[in-house]
Every structure is written in structure tokens, then in C-alpha cells.
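Working notes, beginning with the structure itself.
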Amino acid sequence: MSGVSSHAPVGRGGSDSVGLVVNTYERTYRDVLSPGFFPAIAAQNRRESDEVVALVNNVADRADAQERAEALRAAGEISAYAFVADHLPQALRAARLPARVLRRRPYLLDYGLVMPHVVGTRWLLGWDAETRLPVPTDWLTPSLELLGDDPRVFHTSLGWSVAPGEPGPLGEAVDHVGDFALGWGFSDQLFLLRRADLVGPIWRAFAPAAAVRHAPHPYTFEYRVEAHQRAVRRHRATLTTVRYETNDLSTGVVERDGRSWRDDAERRALLTLEATVVARLPQWVGPRFRR
């Protein structure tokens with residue numbers, strides 16, 4: 001199997017086959033494409049993945065990224081690597097989205113569209129470049145069991161550090177299954193789901209509650225997946241006994257990318273929508289509208 005950007009999935013589609021995909025870009029690719037990074041993820045999860053793919057996006061020196069990735073592939077630390085740009089036309093066709101959806105901050109969406117196209121496993125494990133488990137734990141086994149048993153669950157994840165004033169997975173829970181708290185959120189920092197569930201036209205769902213949750217940038221991969229979950233009433237199941245950590249940067253992605261007057265106006269509109277409409281709706285209206 002070639003590690004060059006035209007990666008072809010190996011097709012390991014067994015009932016428990018898991019493909020790990022780590023999205024990386026200019027700020028993180030030198031760390032991700034270093035010896036030991038991917039084996040460390042397996043050690044943290046106490047489980048090997050059937051496919052391990054480095055997904056490279058928005059780098060200034062593609063040749064450098066490719067050389068680093070090829071070295072990891074040759075060493076057997078990854079199955080393959082892929083460049084988002086090479087798979088994006090196929091991903092847009094499968095999602096039935098026009099290229100114009102990427103005109104505004106494309107790098108907040110394009111990698112998510114591509115992820116399910118660079119592995120061939122039944123399950124997709126999305127792992128942010130700066131995600132880590134402080135306590136190594138096999139959380140994938142109980143997650144796969146729940147995903148296989150409970151059709152209400154769209155994806156599983158783990159608990160996270162909660163900032164003051166935020167509800168966290170328990171505060172957001174609408175139901176519980178054992179140690180899993182069921183809610184409506186989605187984060188690209190860590191998720192496990194059926195790969196097939198991200199392939200296809202799921203990206204246009206209407207869900208104001210997801211928009212206000214992801215203000216000030218409600219056009220991202222995270223927003224679109226959460227909107228779909230809310231529209232079809234399928235949950236995030238958070239394993240509350242295990243926690244992950246990530247690098248919480250002092251500034252948000254919009255600030256780092258350059259905030260505009262349009263961003264400010266959009267954020268004000270969404271916050272007004274939340275305060276005047278979403279927060280006041282009764283529970284019976286459903287998750288599209290009620291956080």
C-alpha cells in the first residue's frame with residue numbers, strides 16, 4: 001500500500017475493525033509526524049488500530065510533511081498518510097456539497113469530509129493532534145459494544161476538563177447507559193463512530209441549537225455533525241469514567257485566523273438567538289431547537 005497522498009483504504013471492514021485518523025496541519029504536523037507519536041496513541045488506548053493514517057492539511061511545505069510521513073510509513077508506525085486536498089473532490093461529491101461551502105475557512109470543514117475516505121475499516125477513530133489520555137485505558141472495547149448494541153448512539157467519546165460555568169458531559173446528559181452519559185454534542189478532539197455514517201449527504205441538517213453551541217463559527221465539521229445528530233436524534237455517548245486532555249489555546253480558532261466584522265455580527269446574532277429563543281423553548285420541541 002502506498003503512503004503517498006493517493007492513499008487507498010485496505011478494506012479491513014470486520015465488525016470490530018478500527019481505523020485511527022489523526023488530522024494535522026502547519027502548527028502540529030512536525031510533532032505528529034515524529035517517531036513514537038502514533039505508537040503512543042495505541043499505548044494510551046491499550047489497543048492497536050487496524051489502520052493508522054496521518055491526514056495532512058494546510059501545510060506550507062508539503063514535501064517536508066510527505067518526507068516525514070513516508071519515514072513513519074516505512075518504519076511501520078502508520079499504515080499510510082494522505083493529504084486532504086487530494087481527496088477533497090471525492091469527499092465533496094459523496095457529501096453532495098458544492099465547493100462553495102469551503103470558501104469561508106475551508107480548513108475547519110474539509111478534513112472532516114475527507115476522514116472517512118482514507119480508511120476502509122468499519123469504525124473510524126478521530127483523534128486530534130493534541131489529544132492525549134493521562135491514564136491509559138481501553139475505552140474502545142466498551143465503546144464498540146455500546147455502538148453495536150444501541151442504535152440511539154451516533155458516536156462515543158470521553159470526559160473532558162470542564163471550565164467554570166460549563167455543564168460538562170454529566171450536566172448535558174439527557175440519559176445514561178451504565179457509565180456512558182448520552183447527550184447531543186460533538187467535538188473533533190476525540191470521537192469513535194461508524195465510518196459509513198460520515199460518508200454521504202448528512203451535512204445540511206438544520207439545528208439552531210447546534211449553531212448557537214458552536215458560535216462564533218457555525219459552519220465547521222463539528223457543527224455539521226452535531227446538527228445531523230440532533231436532526232436524527234442520535235447521541236454522543238461519553239464514557240464518564242475516562243478523561244482526555246488537550247491543548248486549550250488561549251485564543252479561539254477565529255481569533256487566530258483573523259476575526260472580521262462578519263464574524264462579530266454573526267456571533268452577536270447567534271447569542272441573541274440563544275438568549276431570546278433557544279434558551280426559552282420547552283424540552284418537547286426536541287434537540288434541533290433546544291440545547
Side-chain angles (χ1 to χ4, degrees), residues 95-97 101 108-109 112-113 115-116 123-124 126 128 142-163 165-240 244 252 266-291:
R96 299 181 191 173
L97 289 175
V101 302
L108 300 184
L109 173 61
L113 298 176
M115 271 186 167
W123 305 100
L124 169 61
D128 183 78
S143 291
L144 290 169
E145 291 174 355
L146 180 66
L147 285 163
D149 293 341
D150 195 332
R152 297 177 300 166
V153 177
F154 186 82
H155 83 282
T156 62
S157 189
L158 300 176
W160 60 90
S161 299
V162 179
E166 293 183 358
L170 291 176
E172 295 178 353
V174 297
D175 200 356
H176 294 82
V177 178
D179 292 325
F180 288 91
L182 304 187
W184 302 112
F186 180 80
S187 170
D188 67 350
Q189 294 173 349
L190 180 65
F191 62 88
L192 176 70
L193 46 67
R194 288 176 180 82
R195 184 181 65 85
D197 282 349
L198 284 190
V199 178
I202 70 167
W203 305 96
R204 294 179 179 271
F206 175 68
V212 299
R213 178 185 174 95
H214 291 278
H217 41 86
Y219 37 76
T220 64
F221 170 52
E222 293 178 306
Y223 158 70
R224 289 175 183 268
V225 174
E226 179 171 333
H228 171 72
Q229 287 184 164
R230 289 176 178 271
V232 299
R233 293 176 178 259
R234 295 183 66 193
H235 295 290
R236 167 168 64 188
T238 302
L239 185 58
T240 57
Y244 75 88
E266 187 172 65
R267 184 173 187 274
R268 287 195 299 270
L270 288 169
L271 292 178
T272 299
L273 175 66
E274 179 176 27
T276 60
V277 180
V278 173
R280 299 184 180 185
L281 292 173
Q283 292 289 349
W284 58 261
V285 301
R288 281 181 189 257
F289 299 92
R290 187 73 168 87
R291 287 187 67 180

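From a predicted model like this one, the values you see are computed outputs, not experimental measurements.
- In this view, H235 satisfies the side-chain hydrogen bond (donor to acceptor under 3.5 Å, both in side chains) rule with no residue, not counting sequence neighbours.
- For the atom pair CE (M115) and CG (L198), the distance works out to 9.0 Å, reported to the nearest 0.5 Å.
- Looking only at side-chain heavy atoms (C-beta outward), L109 and T220 stay at 4.5 Å or farther from each other.
- With rounding to the nearest 0.5 Å, the separation of CH2 in W184 from CD in Q229 is 8.5 Å.
- Side-chain atoms of R236 do not come within 3.5 Å of backbone N or O of S157 as any donor-acceptor pair.
- Within the 4.5 Å cutoff, the side chain of T240 has no heavy atoms near those of the L158 side chain.
- For residues 144-154, the set of pairs meeting the salt bridge (Lys or Arg N to Asp or Glu O under 4.0 Å) definition, not counting sequence neighbours, comprises D150-R152, R152-D175.
- A donor-acceptor contact shorter than 3.5 Å links the side chain of W203 to the backbone of G200.
- Under the side-chain contact (heavy atoms from CB on, under 4.5 Å) criterion, D197 pairs with F154, R194, R234, not counting sequence neighbours.
- Counting heavy atoms from C-beta outward, L108 and Y219 have side chains that approach closer than 4.5 Å.
- Here the closest non-hydrogen pair linking S187 and Y244 is OG-OH, 4.1 Å.
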Item checked: Working for side-chain contact (heavy atoms from CB on, under 4.5 Å), residues D128 and L190 -> CA-CA 6 Å; D128 183 78; L190 180 65; over 6 Å; no
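- Among residues two or more places apart in sequence or in another chain, the salt bridge (charged side-chain N to carboxylate O under 4.0 Å, His left out) test is passed with R204 by none.
- Identified under the salt bridge (Lys or Arg N to Asp or Glu O under 4.0 Å) test for residues 219-228, with sequence neighbours left out: R213-E226, E226-R230.
- Between P116 and V199, the closest heavy-atom pair is CB-CG2, 3.5 Å.
- Listed by chain and number, the residues in a side-chain hydrogen bond (donor to acceptor under 3.5 Å, both in side chains) with D188 are Y111 (sequence neighbours excluded).
- Considering every non-hydrogen atom in both P287 and A209, the closest pair reads O-CB, 3.6 Å.
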- request: Step by step, work out the side-chain contact (heavy atoms from CB on, under 4.5 Å) result for L144 and L192.
  value: CA-CA 8 Å; L144 290 169; L192 176 70; 3.9 Å; yes
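- Between V153 and F180, the closest side-chain pair of non-hydrogen atoms is not below 4.5 Å.
- Between W160 and T238 the shortest side-chain heavy-atom distance falls below 4.5 Å.
- Between F221 and F186, the ring planes lie perpendicular to each other; the angle is over 60°, past the 30° to 60° tilted range.
- Considering only residues two or more places apart in sequence or on other chains, S143 meets the side-chain hydrogen bond (donor to acceptor under 3.5 Å, both in side chains) condition with T156.
- In this structure a side-chain-to-backbone donor-acceptor pair under 3.5 Å is missing from E172 to G185.
- Taking each heavy atom of G183 and V174 in turn, the nearest pair found is CA-CG2, 4.5 Å.
- Listed by chain and number, the residues in a side-chain contact (heavy atoms from CB on, under 4.5 Å) with A205 are A227, H228, A231 (sequence neighbours excluded).
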